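Beneath this line is the structure, given in structure tokens, with notes to follow.
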Amino acid sequence: MNYWLMKSEPDVFSFEDLKACIKQTEPWDGIRNYQARNFMRDDMRIGDLILFYHSNTNPPGVAGIAQVASKPYPDPTAFDKKSKYFDPKSDPKNPRWILVDVSFKADIVRQVSLEEMKSMPELVNMRALQRGNRLSIMPTTRSEFQAIKKAGQSSL
DNA sequence: GCCAACGTTGGC
DNA sequence: GCCAACGTTGGC
């Protein structure tokens, strides 16, 4: 079991939006960063738990808990000329961009803000909090996940 | 392979 | 809107 933090701008796709999806499952499309892609392609397993993080909002922070819901497969938006994620360099025979489906797992009672995360001694080494790290998908340790789950009073 | 220019992310 | 950080692109 691996643990992850995945960022989303709530104006684009929020944790509430995920809950409202059919089957509460949604393809995590539009990732156009190789490191983030590699995490999905190589390291994610169905059932891995995800801290769903809201970025570019006030305040930013963890809004809920999701899980990996599919094996990796090619991101269809890369081949969709109408999509803003269309990538003419991605060959359908050798897809460049890979995603997984993500599904709702559990609510947290209170959001855990970035400010609060920075104040938590359990998270001093958390990768997502290191300066300059803009990756939208990052591995998280079990203890970091548990600390945030506890701070958010999740029922999980 | 180097690196300058440019684009994006994301907190503030 | 600003800007630091960092990824990508493309000329050479």
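Keep in mind that the numbers below use all heavy atoms, side chains included, and drop hydrogens, waters and symmetry copies. Here the structure is a predicted model, which means the values were calculated and not measured. Letters go in sequence order (proteins before strands), and every chain restarts at 1.
In this structure, A:F145 and A:Y3 have tilted ring planes: the angle between them lies in the 30° to 60° band. Using cut-offs of 30° and 60° on the angle between ring planes, the pair A:F15 and A:F104 is tilted.
In this entry the distance linking CG of A:N58 with P of B:dC12 reads 9 Å, nearest Å. B:dG11 atom P lies 13 Å from atom CG of A:D11, rounded to whole Å. Nucleotide C:dA4 holds its C1' atom 16 Å from the CG atom of A:L135, rounded to whole Å. One can place CZ of A:R127 at 14 Å from P of B:dG10, the figure rounded to the nearest angstrom. Atom pair A:W97:CH2 and C:dG7:P shows a separation of 13 Å (rounding to whole Å applied). Look at NE2 on A:H54: it is 13 Å from P on B:dG10, rounded to the nearest Å. Separating the NZ atom of A:K89 from the P atom of C:dG7 is a distance of 17 Å, rounded to the nearest angstrom. The CG atom of A:N33 sits 15 Å away from the C1' atom of C:dT9 (whole-angstrom rounding).
Here the side chain of A:L114 is nearest to one of C:dG7, C:dT8, B:dG11, namely B:dG11. For A:P60, counting side-chain heavy atoms from C-beta on, the closest listed nucleotide (B:dG11, C:dG7, B:dG10) is B:dG11. Each of C:dC6, B:dG11, B:dG10 was ranked by its minimum atom distance to the side chain of A:R134; first place goes to C:dC6.
Applying the 4.0 Å criterion to OP1 and OP2 of B:dT9, one finds that A:K7 has every side-chain N and O outside that range. OP1 or OP2 of B:dT9 has not a single side-chain nitrogen or oxygen of A:Y53 nearer than 4.0 Å. Phosphate proximity of B:dG11 to A:K118: absent, as no side-chain N or O sits under 4.0 Å from OP1 or OP2.
Using a cutoff of 4.0 Å between basic side-chain nitrogens and carboxylate oxygens, A:D75 and A:R96 are not scored as salt-bridged. The pair A:D107-A:K19 meets the salt-bridge criterion, since a charged nitrogen lies less than 4.0 angstrom from a carboxylate oxygen.
Rounded to the nearest 0.5 Å, atoms CH2 (A:W28) and OG (A:S70) are 12.5 Å apart.
Comparing A:N133 and A:N56 by the nucleotide of DNA chain C whose heavy atom lies nearest to each, the residue mapping closer to the 5' end is A:N56.
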